[in-house]
Amino acid sequence: MKLQELFLKLLRYKSITPDDAGAFDFIEKYLDDFNAIRVDKNGTKNLLLYKEFGEGEHLCFAGHIDVVPPGNGWDSDPFEPIIKDGFVYGRGSQDMKSGVCAFLQTCKEVKNFRGVISIVLTSDEEGDAKFGTIEVLEYLQNKNFLPKFAIIAEPTCEKVFGDAIKIGRRGSINGIIEIFGKQGHAAYPEKSLNPISLVSSILDKLTDYHFDNGDENFAPSQLVITDIRAGMEVTNVTPENLKLMFNVRNGVKTNKKDIEDYISTLLKGINFKLSLYESAKSFVTKRDSKIVKLFQKIVKETLNIEPKLTTSGGTSDARLFAEFGVKTVEFGVINDRIHALNERCKLQEVEDLKKTFDRIIEKF
């Protein structure tokens, strides 16, 4: 099967999270010279493929087959891909069946490698991801078979294919502050305790607060207030409590405890409750690591472009590999229409992505 044919076939699977829609059955047969293990849990499908070529390091390709719902308003059937002016249109064409297609074809064709090549695929990256890639990594850890390096083929490039390699991701910490006061008549403020007054005195110390100054990999970890609400939408009653919501996209210099300590100190003497939820942990792969340096070299040689190293964007399953000590990079097609109507990807980008992966295997 040629690369274009494989790409179109993957796009036809209506694999809306957490359904693989049968794609994993096909992939398992397509790479029939790889060992296949299913690590399914609670409705999430996970596929592990691996092949031992000989003594050497373990390299893993990883990604997700699931896509977000297409929504209404497409110019064509989102699950019946079409090719127009060199672009392939279909849900998941950028995020991320292009990347999955490229590394599947690379692995299909590889003949020689010094070590182990594995593939980790999940059907629940776009959702809660509670029973996705993490389950496969725990399985590999229990088998003492974790990869040393991982390549996640998420769409990473910005304007030109090859212009960006992700070597890390910011974390995401969500917070809710509840401030408790005493409801009363607006005409008698001395008889009430207005939580709006309480928060106003420290609001400037919360708004856009920087927990660190950032570094060469990350922007400062900044507190962003996303919602404040109190009262009953009347003018003559002071509220009993106030709720303030915020998010911190943090680098590796700031953690959940740093945020908790700062807010607890700031609100000392006020009756409040703080709830923090860390939806993703930050990580970074060192710039001088083997996988980063090799990727920079191969991209420059193959695509004639000097890629920048970045940690921008939201979260991905790369963070899960990092938690298990796996040195991880992300590299894929241009990201300009992911999750949007009429998602599309240049077929040439998929071909160039495969060439890049071919060279990585060759020079690893």
Side-chain angles (χ1 to χ4, degrees), residues 128-129 154 156 158 164-184 186 189 192-233 238-287 308-320 322-323 328 330 335 338-339:
D128 293 336
E154 289 276 5
T156 58
E158 298 173 358
I165 300 169
K166 288 194 189 297
I167 60 169
R169 293 271 187 163
R170 296 177 298 173
S172 181
I173 300 174
N174 302 304
I176 299 175
I177 300 171
E178 293 181 80
I179 295 179
F180 305 102
K182 181 182 177 183
Q183 182 177 308
S192 62
L193 182 61
N194 193 334
I196 296 176
S197 300
L198 295 175
V199 78
S200 65
S201 64
I202 51 92
L203 197 56
D204 62 326
K205 297 179 178 62
L206 283 174
T207 304
D208 299 328
Y209 178 77
H210 287 188
F211 290 93
D212 58 58
N213 295 320
D215 55 27
E216 64 174 342
N217 296 314
F218 294 98
S221 302
Q222 179 176 321
L223 188 151
V224 177
I225 295 174
T226 58
D227 192 85
I228 302 177
R229 60 187 62 200
M232 299 179 288
E233 296 190 30
T238 60
E240 184 174 3
N241 54 57
L242 175 146
K243 180 184 286 187
L244 182 150
M245 304 176 75
F246 65 88
N247 175 262
V248 178
R249 296 298 169 116
N250 60 305
V252 295
K253 288 184 174 181
T254 293
N255 57 37
K256 185 177 174 182
K257 188 175 186 306
D258 295 328
I259 298 170
E260 182 178 3
D261 289 347
Y262 177 76
I263 291 175
S264 295
T265 300
L266 193 62
L267 297 180
K268 187 176 181 180
I270 295 175
N271 186 13
F272 77 98
K273 177 184 176 183
L274 172 65
S275 301
L276 291 176
Y277 170 66
E278 187 171 36
S279 58
K281 291 183 179 180
S282 60
F283 80 94
V284 66
T285 300
K286 292 183 178 179
R287 292 170 177 250
K308 70 177 181 180
L309 303 179
T310 177
T311 62
S312 64
T315 61
S316 76
D317 277 357
R319 73 190 190 279
L320 304 177
E323 285 184 35
T328 306
E330 297 176 73
N335 171 354
I338 67 170
H339 297 198

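Remark: side-chain polar atoms of S221 are not paired, donor with acceptor, to backbone N or O of D212 under 3.5 angstrom. Remark: the backbone N or O of R170 is not paired with any side-chain donor or acceptor of T311 at under 3.5 angstrom. With D258 contributing its side chain and N255 its backbone, the two residues share a donor-acceptor pair below 3.5 Å. For the pair T238 (side chain) and G184 (backbone), a donor-acceptor distance under 3.5 Å is present.
Just one residue in the list R287, K253, K308 forms a salt bridge (charged side-chain N to carboxylate O under 4.0 Å, His left out) with E216, and that residue is R287. Each of T254, T207, N247, D208 was checked for a side chain to side chain donor-acceptor pair (under 3.5 Å) with Q222, and the lone residue meeting it is D208.
A heavy-atom distance below 4.5 Å is not found between the side chains of L244 and I179. At a threshold of 4.5 Å between non-hydrogen side-chain atoms, the residues I177 and L206 count as touching. Counting only heavy atoms from C-beta outward, the side chains of V284 and D215 never approach each other to under 4.5 Å. The shortest side-chain heavy-atom distance between V248 and F211 falls under the 4.5 Å cut-off. At a threshold of 4.5 Å between non-hydrogen side-chain atoms, the residues L198 and L267 do not count as touching. Residues L242 and I228 meet the side-chain proximity criterion, which asks for heavy atoms closer than 4.5 Å. Contact annotation: the side chain of R319 never approaches that of R169 to less than 4.5 Å [non-hydrogen atoms, C-beta and beyond]. Put simply, the side chain of F272 does not reach to within 4.5 Å of the side chain of N241, judged on heavy atoms.
A318 approaches T328 most closely through the heavy-atom pair CB-CG2, 3.9 Å. Scanning both residues, S282 and G171, for their nearest heavy atoms gives CB-N, 3.3 Å. Nearest approach of P195 to L193, heavy atoms of both residues: CD-O, 3.2 Å. When every heavy atom of F246 is checked against every heavy atom of I225, the shortest pair comes out as CB-CA, 4.1 Å.
One distance of note links CD of E278 with CD1 of I259; it measures 8.0 Å at 0.5 Å rounding. One distance of note links NE2 of H210 with CG of L223; it measures 10.0 Å at 0.5 Å rounding. The distance from the NZ atom of K281 to the OG1 atom of T315 is 14.0 Å, given to the nearest 0.5 Å. Taken from CZ in F180 to NZ in K273, the straight-line distance is 6.5 Å, to the nearest 0.5 Å. One distance of note links CG of L203 with CG of L266; it measures 9.5 Å at 0.5 Å rounding. Remark: I173 CD1 to L276 CG distance equals 7.0 Å, nearest 0.5 Å.
In this structure, D261 places its CG atom where more than 12 heavy-atom neighbours from other residues, nucleotides or ligands lie under 6.0 Å away.
A search for side-chain hydrogen bond (donor to acceptor under 3.5 Å, both in side chains) contacts involving T285 returns nothing, not counting sequence neighbours.
Ring pair Y262/Y209 is parallel by interplanar angle, where below 30° counts as parallel and above 60° as perpendicular.
K166 and S312 form a side-chain donor-acceptor contact under 3.5 Å, judged by distance and modelled atom types alone.
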